[in-house]
Amino acid sequence: SERMFKAAVDLYNRLEQFTKDYIYERARTERNLADLYLVTKRYTESEKWYQYALKTCRTLVATNASAYEDQLAATLQRFAGLYWETQRYDESENLYKQALEIYKKRTLANPLEFESAVAASQIGLAGVYQQTEQYDVCERLLTSSLEIYQRLAAVTPSLYLPLLATTQTRLGNLYRT
């Protein structure tokens, strides 16, 4: 995987001299490479590739925010996960907040598409607050996510009931603390 992802990034970089049409694909590939390094616990390399992906996504958002903001938010959220994994909670919090802000804005225009992303970002941010013993903030975020998943599960139970159950479990674990 690593070799293929890197080869693809190199090709997208070469294509950029002819057309900008592949910048989005490069961003996705950079993020996939960062994800690969994250799951293999190669954190320094993962951080480097998330930074590349973030820079590429910000370039895309500058050209067409409505088309690429959700990809920027997804990259921010996954990058925040790396920082959470490596116990860099301040940096994780900052990135989760940026992703959450984007998803909340997107939800105003398209609630069905982005409400679950709001809930997921809140859960990630809640994890940061739980680790830093800010339990009241953690509880508020998890409760908000629970309410979102309850609404979504009423419409699409097969997709959202598992997320609802997981969120209830997180709240239960928080109350045990």
Is there a donor-acceptor pair closer than 3.5 Å between any side-chain N or O of [X] and the backbone N or O of [Y]?
X	Y	answer
Tyr103	Ala74	yes
Thr63	Leu60	yes
Ser144	Arg140	no
Ser121	Ala99	no
Ser46	Ala34	yes

Under 3.5 Å, is there a donor-acceptor pair linking the side chains of [X] and [Y]?
X	Y	answer
Tyr175	Glu139	yes
Gln71	Arg28	no
Ser66	Asn64	yes

Check [Y] with [X], please: is the shortest side-chain N to carboxylate O separation under 4.0 Å?
X	Y	result
Arg42	Glu2	yes
Glu85	Lys41	yes
Glu93	Lys97	yes

Check your understanding: If Ile, Leu, Val, Met, Phe, Trp and Tyr residues are connected whenever their side-chain heavy atoms lie under 4.5 Å apart, and connections chain through other members, are Leu159 and Val118 in the same group?
Key -> yes
Review point. In the single-linkage hydrophobic clustering (I, L, V, M, F, W, Y; side-chain heavy atoms under 4.5 Å), do Leu33 and Tyr50 co-cluster?
Key: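 Not linked; separate clusters.
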Review point. Just wondering, more than 12 heavy atoms not from Tyr43 lying within 6.0 Å of its OH?
Key: yes
Exercise for review: Determine, using ring centers only, whether Tyr24 and Tyr68 are less than 6.0 Å apart.
Suggested key: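 Between Tyr24 and Tyr68, which both carry aromatic rings, the centre distance is below 6.0 Å.
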Hey, does [Y] have a side-chain heavy atom less than 4.5 Å from the side chain of [X]?
X	Y	answer
Leu142	Leu174	yes
Tyr160	Leu163	yes
Leu146	Leu171	yes

Review point. Who pairs with Arg88 by side-chain hydrogen bond (donor to acceptor under 3.5 Å, both in side chains), at least two apart in sequence or on another chain?
Key: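 With neighbours one apart ignored, the set is Glu47, Glu91.
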Practice item. Sequence neighbours left out, what pairs pass salt bridge (Lys or Arg N to Asp or Glu O under 4.0 Å) with at least one residue falling in residues 111-127? Key: Glu115-Arg151
Study note, to complete from the structure: Residues at least two apart in sequence or cross-chain that pass side chain to side chain contact (heavy atoms under 4.5 Å, CB included) with Ala120, listed by chain then number, are Gln77, Tyr149
